[in-house]
Amino acid sequence: MLLSSLKVLDFSTLLPGPFATMMLADLGADVLRVEAPNRADLTRHLGEKDSDGVSYVHKTLNRSKRSLGLDLKSPEAIEIIKKLVMDYDIVVEQFRPGVMERLGLDYDALKAINPALIYCSVTGYGQTGPYKGRAGHDINYLAISGLASYTGKKHEGPLPVGFQIADVAGGSMHAVTGILAAVVHRTQTGEGQYLDISMTDAAFALNAMAGAEAAGAGVDAVRESMVLNGGSFYNHYETKDGRYFSVGGLEPPFMKRLCDVIGRPELFENGLDYSQSSQAPLVDALKTAFKTKDFAEWQKVFAEIDACVEPTLSINEACQHEQIQARNMIVEVENNNAAPIKQIACPIKFSSGEAQYKFTGATLGKHSEQVLSECGYSPEQIDALKAAKVIK
């Protein structure tokens with residue numbers, strides 16, 4: 001496997017850290033979750049649950065990861081971590097700044113044991129700055145980063161986005177990028193690395209286009225004022241039966257086909273001028289046209305027309321879509337001796353090697369004895385640690 005040489009000790013919960021380590025596990029890394037028996041991951045109880053009472057969210061985010069139930073407030077538990085760090089030389093944690101230091105598990109403490117350690121901290125605001133100890137959620141990071149300011153309707157305000165942009169596109173993806181960059185650096189130099197991933201920093205960096213104008217020219221993006229945020233015909237349009245189609249054909253050939261399909265070829269010239277006043281007649285024509293047919297009818301119309309017009313699908317519909325199916329983006333994963341569960345696959349395709357899915361998210365502490373045995377603990381020592389509630 002592509003990342004089979006990597007061994008990751010994962011202290012994270014909820015979404016950003018677990019999504020990052022899921023990606024690493026999918027690509028072959030050995031990921032060991034360290035979970036507190038008295039502070040279970042809330043994703044175990046979030047949303048729909050399988051027959052064993054554990055959520056599908058948890059079983060997906062934590063697939064292929066072994067689980068070590070460990071009370072980190074115990075000195076014996078800290079010693080276990082220090083032994084593991086000799087072998088698991090990548091650490092991912094998501095506590096507020098200072099928590100791991102108070103436990104004696106901060107980067108400097110563990111680096112003294114293993115100088116090649118790569119240690120990644122994922123937090124809302126980072127390890128420095130006036131907000132470093134402040135609580136936050138995805139919606140807050142999007143607000144502070146400026147991303148939310150130009151997303152939504154002009155007269156209705158910012159939208160509460162349905163998926164976690166700052167958590168995943170920000171925290172998770174940048175954590176994986178940073179970890180793999182640090183692995184390359186370590187391969188070249190033998191040196192470890194500390195990574196400080198701020199979800200707010202990462203969300204701020206996602207302002208790729210609007211941010212370039214704001215930083216360079218001091219021009220602020222405004223809701224429904226840009227080509228890509230509702231200021232042009234690039235948008236979703238309601239059908240006769242209350243469904244929606246996405247229209248994105250900004251380039252002239254696509255735009256011409258679109259105007260021809262709706263029977264308004266004369267509006268092609270309006271589309272070429274990206275000012276809102278010029279585009280307004282085309283926008284109005286599209287709103288009127290899409291309401292003349294239902295969703296299924298428009299699917300048939302655009303099935304053979306390459307105009308960057310596609311149906312706006314539910315997630316269940318997306319799972320069944322021919323393109324998603326052809327790309328093998330739904331996989332069946334072994335589910336702890338029960339029937340396999342369908343999950344969304346790793347999206348990265350390689351010419352040599354492929355993602356692997358060992359099992360769905362494990363029960364808390366399922367692999368504790370196995371892990372400690374691999375660390376050299378005897379059965380008697382393991383029993384004593386269980387009796388003392390150091391491990392679960």
Original post:
Are Met100 and Ile179 connected in a single hydrophobic cluster, I mean Ile/Leu/Val/Met/Phe/Trp/Tyr linked by side-chain heavy atoms less than 4.5 Å apart?
Top reply: no
Original post:
Does one hydrophobic cluster hold both Leu195 and Met199, with members joined at side-chain heavy-atom distances below 4.5 Å?
Top reply: no
**OP:** Step by step, work out the side chain to side chain donor-acceptor pair (under 3.5 Å) result for Thr239 and Asp241.
**Re:** CA-CA 5 Å; Thr239 62; Asp241 54 349; 2.6 Å; yes
I'd like to know whether the aromatic ring centres of [X] and [Y] sit less than 6.0 Å apart in this structure.
{"X": "Tyr194", "Y": "Tyr107", "value": "yes"}
{"X": "His367", "Y": "Phe359", "value": "yes"}
{"X": "Tyr125", "Y": "Tyr141", "value": "yes"}

Which heavy atom of [X] sits nearest a heavy atom of [Y], and at what distance?
{"X": "Val122", "Y": "Pro16", "result": "CG1-CB, 4.1 Å"}
{"X": "Glu224", "Y": "Gly152", "result": "CG-O, 3.7 Å"}
{"X": "Ile305", "Y": "Val261", "result": "CD1-CG2, 3.4 Å"}

**OP:** Would you sort out whether Glu310 and Ser246 count as a side chain to side chain donor-acceptor pair (under 3.5 Å), showing the intermediate values?
**Re:** CA-CA 5 Å; Glu310 300 295 347; Ser246 64; over 6 Å; no
**OP:** Could you walk me through whether Lys256 and Glu269 pass salt bridge (charged side-chain N to carboxylate O under 4.0 Å, His left out), step by step?
**Re:** CA-CA 9 Å; Lys256 187 175 188 312; Glu269 295 298 327; over 6 Å; no
Subject >> Candidate pair Arg66 and Glu374, rule salt bridge (charged side-chain N to carboxylate O under 4.0 Å, His left out), full reasoning >> reply: CA-CA 13 Å; Arg66 293 193 294 173; Glu374 292 170 357; 3.0 Å; yes
Original post:
Where do Asp89 and Arg186 land on the salt bridge (charged side-chain N to carboxylate O under 4.0 Å, His left out) test, with the steps shown first?
Top reply: CA-CA 11 Å; Asp89 54 6; Arg186 183 172 68 185; 3.3 Å; yes
**OP:** Would you confirm whether Asn229, through its side chain, and Thr151, through its main-chain N or O, come within 3.5 Å as a donor-acceptor pair?
**Re:** no
**OP:** Please report the C-alpha distance between Lys65 and Asp30 in whole Å, then the side-chain angles of each, then the deciding distance to 0.1 Å, and finally whether the salt bridge (charged side-chain N to carboxylate O under 4.0 Å, His left out) criterion is met.
**Re:** CA-CA 7 Å; Lys65 306 173 191 177; Asp30 176 359; over 6 Å; no
Subject >> side chain to side chain donor-acceptor pair (under 3.5 Å) partner of Ser67, chosen from Arg33, Glu35, Lys366 >> reply: Glu35
